[in-house]
Amino acid sequence: MQQNQTQTQNIVILISGRGSNMEAIVKSWQHQMFPQNTKIAAVISNNADAAGLNFAKQHNIATEVLSHKNFASRQEYDQSLIKIIDKYTPKLVVLAGFMRILSPEFVQHYQQRLMNIHPSLLPSLTGLHTHKRAIESGLKIHGCTVHFVTAELDAGPIIIQGAVPVLPNDNEDILAARVLKIEHKIYSKAIQLFLQGKINANSDSNNQNADEFLIAF
Ligand code: GRF
């Protein structure tokens, strides 16, 4: 499927903290890794203190903060968040360390255009503390996964995975840093494939070139 090159493909990125994945994606955009009609339209956070917001501002990207603390329910928060995101008419919404569980209504609204990165080789190690659990389980290989988001947590169609070794003297921080470097590569690659029209939430990625879907170090 060829994209219409004249219509801007807006990306909205949601963060809660450091924002290093968002930074890597912005840099990939600046280095023209994405189709020419791509724009990172906004970076939105639920946390006014998210360090990543400063980076986005410095790079002239619109930023917005919507604190969840002012809302009585997840549904109300998510509806307000949808209104803010939709001002930017996103082709793709990217969850990059957005530390909130999303309501089914939110996921449904962005069905097939919502991506997440998870720090494990899914479907292993869903949930939190993945690096600690990888070490405790004695895994020799660990990694990260970019996937489309569906209603079930960490369970949507896998787009790309990146693998790293777990080494004998690793602690949680060392292993997290090794995985994070790969996260920064595979998230941009997944976004590139999506914006090029090479993948969608229904396609079977395994039918395509395996080099594009697994990065191993
Ligand atoms: C990453 O490890 C990502 O996999 C997880 O949250 C962390 C976010 O880091 N979902 P950053 O904010 O992108 O630096």
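Start at 1 and go down the list; that is how both ligands and their atoms are numbered.
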Quiz item: For ligand 1, which part of E183 has a heavy atom less than 4.0 Å away: the side chain, the backbone, both, or neither?
Solution: side chain
Quiz item: Against heavy atoms of G97, which atoms of ligand 1 measure under 4.0 Å?
Solution: 6 (O), 8 (C)
Quiz item: V65 and I61: same hydrophobic cluster, using ILVMFWY side-chain contacts below 4.5 Å?
Solution: yes
Quiz item: For ligand 1, which atoms, with element, lie under 4.0 Å from some heavy atom of P119?
Solution: 4 (O)
Practice problem: Tell me, yes or no, whether the heavy-atom count around E136 atom CD, taken from other residues, nucleotides or ligands under 6.0 Å, exceeds 12. | Solution: yes
Practice problem: Report yes or no: does a heavy atom of G19 sit under 4.0 Å from some atom of ligand 1? | Solution: yes
Quiz prompt | D86 versus H109, side-chain donor and acceptor atoms under 3.5 Å | solution = yes
Practice problem: Check ligand 1 against I117 and write out every atom of the ligand that is under 4.0 Å from a heavy-atom position of the residue. | Solution: 3 (C), 4 (O), 10 (N)
Exercise. Flag H118 as yes when one of its N or O atoms lies below 3.5 Å from any N or O atom of ligand 1, and as no otherwise.
Key: no
Self-check item: Closest approach of any protein heavy atom to atom 9 (O) of ligand 1, naming residue and atom
Solution: R18 NH2, 3.1 Å
Quiz item: Do NZ/NE/NH1/NH2 and the carboxylate oxygens of R18 and E23 come within less than 4.0 Å?
Solution: no
Practice problem: Do me a favour and list the nearest non-hydrogen protein atom to atom 11 (P) of ligand 1 with residue, atom name and distance? | Solution: S20 N, 3.4 Å
Quiz item: In terms of side-chain heavy atoms, does T130 have a donor or acceptor partner in S120 at a distance below 3.5 Å?
Solution: no
Practice problem: Ignoring hydrogens and angles, state whether a donor on the side chain of S16 or N46 is under 3.5 Å from an acceptor on the partner side chain. | Solution: yes
